Number of protein chains: 2
Amino acid sequence: MKKQERDHEQCQGMIVPVRDAIDVLSGKWKLPIIIALGFGNKRFGELAKEIPGITDRMLSKELRDLEMNQLVKRTVYDTMPVTVEYSLTDYGSSLDKVVDELRKWGVQHRKRIMKGV
Amino acid sequence: MKKQERDHEQCQGMIVPVRDAIDVLSGKWKLPIIIALGFGNKRFGELAKEIPGITDRMLSKELRDLEMNQLVKRTVYDTMPVTVEYSLTDYGSSLDKVVDELRKWGVQHRKRIMKGV
DNA sequence: CGGTATCCCTGAGGATACTG
DNA sequence: CAGTATCCTCAGGGATACCG
């Protein structure tokens, strides 16, 4: 096999899974929600406070998406009025390292921008 | 300071930089382009071949975005007809670990989906 | 070869009001 | 409290054609 062919296959081997990940995590809000839940289970209103700028509508929608992808678990307590608690699943927690690298890069990026490069 | 306040601040300290990163890397195509260039400098047509499904228009637009953010460098060679080569900047290469964690997670995710969980 | 110009459409995301 | 309902805007992205 030629070098270009090897390169091409290796390249696809990276691009395809990364695109799978992007598809699940797409949008402005999913990672912030996952991060917030990483600090402990939270109720709807608590999440809304923790995530700057999100509307109720988007929070509701994104939580549903994350629940469908089994990254987040929704638990309803039969109190009066009802309380609902959101938590990360183990699968959601497996994004830990991704989030951490993204955070580290983001910190460096912000520094760079601030210096006005 | 109370525990909730500490948690809140720590949480913001993660969310804000991650959102900075998301803003720069947003969309379906930027990370795939960066990955492809990680395998070596490439010309427009080579990139188009390497990235499944991208249109010329999107490739052109995304390359401009990445160039503006100094993740990618564009070099024009004065041949006939002109050839243009794209390469990762050092800054672009600094996304290395982010991409790798995303790839690892994506591989696991694909396995999980395939099992039909 | 390495793009641009147009046109178009969907869906992400925002604003506001309302409900059990 | 934990959302829905409704309406709206805009940008991401696709298709096709064309250009130096």
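For clarity, every value in this text was computed on a predicted model and none was experimentally measured. So you know, we letter chains A, B, ... as the sequences are listed, proteins then strands, and number each from 1. These numbers come from the heavy atoms of this one structure, side chains and all, not from hydrogens, waters or symmetry mates.
Checking the phosphate oxygens (OP1, OP2) of dT4(C), a side-chain nitrogen or oxygen of S60(B) falls inside 4.0 Å.
Checking dG2(C), dG13(C), dG13(D) against the side-chain heavy atoms of R74(B) singles out dG2(C) as nearest. With dG3(D), dT4(D), dG14(C) as the candidates, the nucleotide lying closest to the side chain of Y86(A) is dG3(D). Listed candidates were dA15(C), dG13(C), dT4(C). Nearest to the side chain of R64(B) is dT4(C). Minimum atom distance to the side chain of F44(B) is reached by dG2(C), of the listed dG2(C), dA15(C), dT4(D). Side-chain proximity of D56(B) to the nucleotides dG3(C), dG3(D), dT6(C) is greatest for dG3(C).
T83(A) comes within 4.0 angstrom of the backbone, heavy atoms only, and of no base.
When rounded to the nearest whole Å, the span between CG of L59(A) and C1' of dC1(D) equals 13 Å. Between M58(B) atom CE and dT4(C) atom P the separation is 13 Å, expressed in whole Å. Per the geometry, CH2 belonging to W29(B) stands 9 Å off C1' belonging to dG13(D), to the nearest Å. In this structure, NZ of K28(A) is placed 13 Å from P of dA12(C), rounded to the nearest angstrom. I51(B) places its CD1 atom 13 Å from the P atom of dG13(D), with the value rounded to the nearest Å. Across the protein-nucleic acid pair, K42(B) atom NZ and dG2(C) atom P stand 13 Å apart, rounded to whole Å. Following rounding to the nearest Å, R19(A) (CZ) and dG12(D) (P) show an atom-to-atom distance of 16 Å. Between the C1' atom of dA2(D) and the CE atom of M80(A) lies a distance of 13 Å, rounded to the nearest Å.
At a threshold of 4.0 Å, the pair E67(A)-R64(A) does not count as salt-bridged, since none of the basic side-chain nitrogens sits closer than that to a carboxylate oxygen. A salt bridge is absent between K97(B) and E101(A); no separation between the charged side-chain nitrogens and carboxylate oxygens falls under 4.0 Å. Taking the charged nitrogens against the carboxylate oxygens, D100(A) and R103(A) do have a contact shorter than 4.0 Å, which makes a salt bridge.
Judged by atom type and distance alone, R43(B) does not reach the base of dG2(C) through any side-chain donor-acceptor pair under 3.5 Å. With hydrogens and angles left out, the side chain of R57(A) and the base of dG3(D) share no donor-acceptor pair within 3.5 Å.
For the atom pair CE (M58(A)) and CG (D65(A)), the distance works out to 8.5 Å, reported to the nearest 0.5 Å. Between S87(A) atom OG and R74(A) atom CZ the span is 11.5 Å, to the nearest 0.5 Å.
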